[in-house]
S.K.: 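The structure's right below; bear with me while I get my questions together.
Below, chains carry the letters A, B, ... as their sequence lines are ordered, and counting in each starts from 1.
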Amino acid sequence: MHNINFIRENPTEFDNYMKQRGEHPISNKILELDKVKRETQTVLQNLLAERNSFSKNIGKLKSENKDASSEMSKVDEIKNKINNLKELETIKDEELKTILSRLPNIADKTVPLGSNEEDNTKYREWGEKPGFEFKPKTHFELGEDLGLMNFETASKLSGSRFVLLKNQLSKLERAIANYMLDKHTNDNGYIEMHVPYLVKADTLYGTGQLPKFAEDLFTAGDDHWLIPTAEIPLTALHSNEILNINQLPMRVTSYTPCFRSEAGAAGKDTRGMLRQHQFTKVELVSLVEPEHSKDELERMLSCAEGILQDLHLHYRVMTLCTGDMGFNANKTYDIEVWLPGEDKYREISSCSNCGDFQARRMNTRYKLENKNIFVHTLNGSGLAVGRTLIAILENYQMKDGNIKIPEVLKKYFNNSDTLI
RNA sequence: GGAGAGAUGGCUGAGCGGUUGAAAGCACCGGUCUUGAAAACCGGCAACGGGGCAACUCGUUCGUGAGUUCGAAUCUCACUCUCUCCGCCA
């Protein structure tokens with residue numbers, strides 16, 4: 001949610017920012033609504049003040065056993081006006097909120113301008129593509145050949161975009177998650193959380209998924225929605241609260257399943273387990289003071305990169321351009337891991353600074369010298385577990401189709417060198 | 001699922017339908033005292049919004065939403081949540 005004061009003071013600048021994000025100029029409409037609302041509010045409040053003073057007077061007169069009928073009839077007159085203005089104010093306020101709640105965050109100055117992923121820029125890269133003496137297979141070829149990855153059974157149970165992992169692959173998924181959580185909690189200062197996977201619409205509004213992106217979500221009825229990422233419950237932990245400054249920075253992590261309808265992705269990545277309705281992810285979330293959020297984004301990115309480095313997986317970091325960034329973010333880095341089977345880089349983590357955009361929506365503030373200040377929120381995958389499993393399969397495959405186990409994961413496999 | 005109790009400021013907790021935005025205590029901030037700290041004492045301390053250059057002022061908010069009333073934290077209704085007991089249960 002945007003600060004209306006900023007729009008009042010910088011309407012043209014605001015429109016330019018929105019244009020970068022692919023929106024039409026709208027500040028005129030916003031300011032007109034804002035003006036009418038405020039004018040209405042001023043008149044309304046004066047009437048309320050008048051009514052209150054009459055009412056107080058009535059109370060006084062009655063306690064003195066005097067006649068108050070003329071005061072009472074005056075209040076009666078005011079009442080109609082009050083009701084009409086109240087209605088008008090509510091309507092204008094709702095119109096305003098409808099518009100504001102659907103506008104994306106403003107991009108940071110350091111974000112490259114652009115309209116789609118073609119315009120993303122490379123921030124850095126690490127490692128190099130592994131060489132193979134044979135043609136590397138895709139993860140689903142490897143998984144199916146090993147008999148440990150099964151799409152038919154999953155689709156029998158649940159339809160398309162689900163997968164069944166068996167035995168050592170199921171264990172690998174668990175080992176990856178454990179490794180990530182251990183690292184983030186032991187070395188990176190994150191507190192592990194076990195969170196609800198169903199949340200209320202209010203919560204999703206706060207983090208920005210609603211009202212605009214309802215079609216991307218699964219709902220379980222009765223105002224229960226399946227989380228598309230642990231970012232939702234983690235970021236909203238302190239919604240409608242005023243934190244003490246010594247609670248910041250707050251760094252939390254959680255390993256959860258994520259549920260996404262993939263509404264706009266028909267026909268995309270239909271083979272394999274790259275794009276599923278359900279996947280697991282270790283999520284990182286930070287709440288920080290405004291002046292620290294830029295540094296925190298770099299820190300978070302490094303925490304995510306650290307996992308890939310430990311796994312010796314080659315990757316590059318992309319700075320998303322204004323047109324490719326998500327709704328909430330003022331800046332986003334995507335980490336793209338190299339997948340030799342696909343012969344492509346694929347997103348395995350996305351780290352975003354949301355500034356105070358989400359904090360305004362969910363009303364999370366902290367107290368500083370008697371002032372209440374919106375926190376800045378950041379979220380990042382550290383990492384997507386399913387895609388990490390894919391990356392390990394494709395990068396650690398051997399000619400015979402067996403998979404080497406990365407050094408740091410061996411402890412979860414009785415120090416075995418290979419999966420089978 | 002059945003029966004009962006409750007929801008008030010950062011926390012605990014008072015609150016006859018009429019200066020109650022709300023007592024008191026704790027916490028917190030400032031000050032006095034002290035070599036320093038503690039204790040004691042004094043003072044301050046809700047949020048959001050409108051108007052104003054400002055001092056300031058007005059409005060809204062006592063779980064949420066409706067209603068009664070000239071006036072609601074206080075009365076009525078609905079909903080949500082929490083707690084206790086019983087039943088069921090991973």
S.K.: Could you work out the separation of B:rC62 and B:rC56 based on their C1' atoms and round it to a whole Å?
M.R.: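 It works out to 27 Å between them.
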S.K.: Can you check whether A:Trp338's main-chain N or O pairs, donor with acceptor, with A:Asn395's side chain at less than 3.5 Å?
M.R.: yes
S.K.: Any side-chain N or O of A:Arg38 under 4.0 Å from OP1/OP2 of B:rG51?
M.R.: yes
S.K.: For a quick test of reading the model: is some side-chain N or O of A:Arg365 closer than 4.0 Å to OP1 or OP2 of B:rC48?
M.R.: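 Checking B:rC48 against A:Arg365, a side-chain N or O does come within under 4.0 Å of OP1 or OP2.
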S.K.: Between B:rC81 and B:rC29, how far is it from one P atom to the other, in whole Å?
M.R.: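 Looking at atom P only, B:rC81 and B:rC29 are 37 Å apart.
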S.K.: Counting side-chain heavy atoms from CB outward, which of B:rG59, B:rA47, B:rG51 is closest to A:Gln45?
M.R.: B:rG59
S.K.: What is the nucleic acid contact for A:Glu71, judged by heavy atoms within less than 4.0 Å: base, sugar-phosphate only, or nothing?
M.R.: nothing
S.K.: Using the P atom as the point on both nucleotides, what is the distance between B:rU32 and B:rG6, in whole Å?
M.R.: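 Each nucleotide's P atom is 48 Å from the other's.
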S.K.: Among B:rG50, B:rC48, B:rG18, find the nucleotide with the atom closest to the side chain of A:Ile58.
M.R.: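 Closest of the options to the side chain of A:Ile58: B:rG18.
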S.K.: Check A:Asp15 with A:Lys19, please: is the shortest side-chain N to carboxylate O separation under 4.0 Å?
M.R.: no
S.K.: Do other residues, nucleotides or ligands put more than 12 heavy atoms under 6.0 Å from A:Glu298 CD?
M.R.: yes
S.K.: At 4.0 Å (heavy atoms only), tell me whether A:Asn46 reaches a base, stays on the sugar-phosphate, or touches nothing.
M.R.: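 Counting heavy atoms under 4.0 Å across all strands, no contact is made by A:Asn46.
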S.K.: Mind checking if A:Asn52 touches a base, just sugar-phosphate, or nothing, with heavy atoms under 4.0 Å?
M.R.: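 Touches sugar-phosphate only.
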S.K.: Does A:Lys74 reach a base, just sugar-phosphate, or nothing at all? Heavy atoms under 4.0 Å.
M.R.: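 The residue A:Lys74 makes no contact with any strand.
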